[in-house]
Enquirer: 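If you scroll down you'll find the structure; I have some questions about it.
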Amino acid sequence: QVQVVESGGASVQTGEALRLSCTVSGIDFTELHMGWFRQAPGKEREAVSCLSRKGVTEYYSDSVKGRFTVSRDDAKNTLYLQMNSLKSDDTAMYSCAAVPRGNWGRACAVNEFPYWGQGTQVTVSS
């Protein structure tokens, strides 16, 4: 059974930083392409960043490019999202998602990822 668990969400002030973590179990992490998505109240879930297996390909949404950095530690079965210079618009529930090699169409899109965590809340206030 695949389990995806996020952590690291918190309430912070504008301009501060946070690092989110996502740990996967029940499947070979090295065979997974990974993604971070977020959903703000009243809005649809949107892609934040995706990272292919072995870290070959990265994707960032325009709204976070230059401020967020995605990385993975295959030895720890963990995906990270370093978020710097946080803005109030970054307030959302952040979810981690995974898709096995061979099942990914190379799009950083919600419908590409079958395995999801429950999410971790990030709240940014001024």
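We're numbering straight along the sequence, starting at 1.
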Enquirer: Considering all heavy atoms of both residues, which atom of Gly8 and which atom of Leu18 are nearest to each other, and what is their separation?
Expert: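 That closest heavy-atom pairing would be O-CD2, 3.8 Å.
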Enquirer: Counting only N and O atoms by type, is there a donor-acceptor contact under 3.5 Å from the side chain of Ser88 to the main-chain atoms of Val124?
Expert: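 It does not hold such a pair.
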Enquirer: Kindly work out whether a path of hydrophobic side-chain contacts (I/L/V/M/F/W/Y, heavy atoms less than 4.5 Å apart) joins Val70 to Val48.
Expert: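 In one cluster: yes.
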Enquirer: Kindly work out whether a path of hydrophobic side-chain contacts (I/L/V/M/F/W/Y, heavy atoms less than 4.5 Å apart) joins Tyr115 to Leu81.
Expert: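 Both belong to a single hydrophobic cluster.
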Enquirer: Rounded to the nearest 0.5 Å, what separates atom CG in Leu51 from atom CG in Leu32?
Expert: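 That separation rounds to 11.5 Å.
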Enquirer: One thing to verify: whether Lys87 and Asp90 come together as a salt bridge, which I'm taking to mean a side-chain N less than 4.0 angstrom from a carboxylate O.
Expert: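 Answer for the salt bridge query: no.
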Enquirer: With side chain to side chain contact (heavy atoms under 4.5 Å, CB included) as the criterion, how do Val4 and Cys22 come out once you've worked through the C-alpha distance, each side chain's angles and the decisive distance to 0.1 Å?
Expert: CA-CA 7 Å; Val4 180; Cys22 167; 3.5 Å; yes
Enquirer: Check whether more than 12 heavy atoms from other residues, nucleotides or ligands sit under 6.0 Å from atom CD of Glu44, and answer yes or no.
Expert: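 For Glu44, atom CD is not crowded (no more than 12 foreign heavy atoms under 6.0 Å).
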Enquirer: Applying side chain to side chain contact (heavy atoms under 4.5 Å, CB included), run through Thr91 and Gln121 and close with a yes or a no.
Expert: CA-CA 8 Å; Thr91 294; Gln121 179 68 37; 4.1 Å; yes
Enquirer: Got Ser126 and Gln13 here, is their nearest side-chain heavy-atom distance under 4.5 Å?
Expert: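 Heavy-atom side-chain distance check fails, nothing below 4.5 Å.
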Enquirer: Show the nearest heavy-atom pair for residues Gly9 and Leu20, with the distance to one decimal.
Expert: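 In this case the closest contact between Gly9 and Leu20 is N-CD2, 3.6 Å.
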Enquirer: Does any donor atom in the side chain of Ser61 or Arg38 lie under 3.5 Å from an acceptor atom in the other side chain?
Expert: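 No, no side-chain donor-acceptor pair sits under 3.5 Å.
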Enquirer: Looking at Glu112 and Ala109, would you say the former's side chain and the latter's main chain have a donor-acceptor pair under 3.5 Å?
Expert: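 Not confirmed, Glu112 side chain does not pair with Ala109 backbone.
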Enquirer: Any chance the rings of Trp36 and Phe68 have centres within less than 6.0 Å?
Expert: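 No, they do not, as the ring centres are separated by 6.0 Å or more.
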Enquirer: Please give me the minimum heavy-atom distance between Arg67 and Ser85, naming the atom from each residue.
Expert: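 Shortest heavy-atom contact: NH1-O, 2.9 Å.
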Enquirer: Same cluster or not: Val99 versus Val24, using hydrophobic residues (I, L, V, M, F, W, Y) connected whenever any side-chain heavy atoms lie under 4.5 Å apart?
Expert: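 Cluster IDs for Val99 and Val24 differ.
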Enquirer: Any side-chain to backbone donor/acceptor pair from Arg72 onto Ser52? Under 3.5 Å, distance only.
Expert: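 Yes.
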Enquirer: Can you name the nearest heavy-atom pair linking Arg19 to Gln82, along with the distance?
Expert: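 Closest pair (atom of Arg19, atom of Gln82, distance): CB-OE1, 3.5 Å.
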Enquirer: Looking at CG of Asn77 and OG1 of Thr30, how far apart are the two atoms once the value is rounded to the nearest 0.5 Å?
Expert: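 Asn77 CG to Thr30 OG1: 8.5 Å, rounded to 0.5 Å.
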Enquirer: About how many Å separate CZ of Phe29 and OG1 of Thr23, when rounded to the nearest 0.5 Å?
Expert: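 Here the rounded value is 8.0 Å.
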Enquirer: Rounded to the nearest 0.5 Å, what separation is found between the SG atom of Cys108 and the CD atom of Glu58?
Expert: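 The distance works out to 11.0 Å.
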Enquirer: Within this structure, what is the CE-CD distance for the pair Met93 and Gln39, rounded to the nearest 0.5 Å?
Expert: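 Met93 CE to Gln39 CD: 9.0 Å, rounded to 0.5 Å.
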Enquirer: Could you check whether any side-chain heavy atom of Gln3 comes within less than 4.5 Å of a side-chain heavy atom of Ser25, counting everything from C-beta outward?
Expert: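 Contact flag for Gln3/Ser25 side chains = yes.
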Enquirer: Do any N or O atoms from the side chain of Glu6 and from the backbone of Gly119 form a donor-acceptor pair under 3.5 angstrom?
Expert: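 Indeed, once roles are kept as given, a pair shorter than 3.5 Å links the two residues.
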Enquirer: Which atoms form the tightest heavy-atom contact between Ala92 and Ala40, and what is the distance?
Expert: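 Shortest heavy-atom contact: CB-N, 3.8 Å.
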Enquirer: Might you point out which heavy atoms bring Lys65 and Asp62 nearest each other, and give the distance in Å?
Expert: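 Scanning both residues completely, I find the closest heavy atoms to be NZ-OD1, 3.3 Å.
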Enquirer: From the options Phe113, Tyr59, Tyr94, select the one residue that forms a ring-ring contact (aromatic ring centres under 6.0 Å, His included) with Phe37.
Expert: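 The single option meeting the ring-ring contact (aromatic ring centres under 6.0 Å, His included) with Phe37 is Phe113.
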Enquirer: Quick one: pull up NE2 in His33 and CG in Leu79 and give me the separation to the nearest 0.5 Å.
Expert: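 Going from the NE2 atom of His33 to the CG atom of Leu79 covers 13.0 Å.
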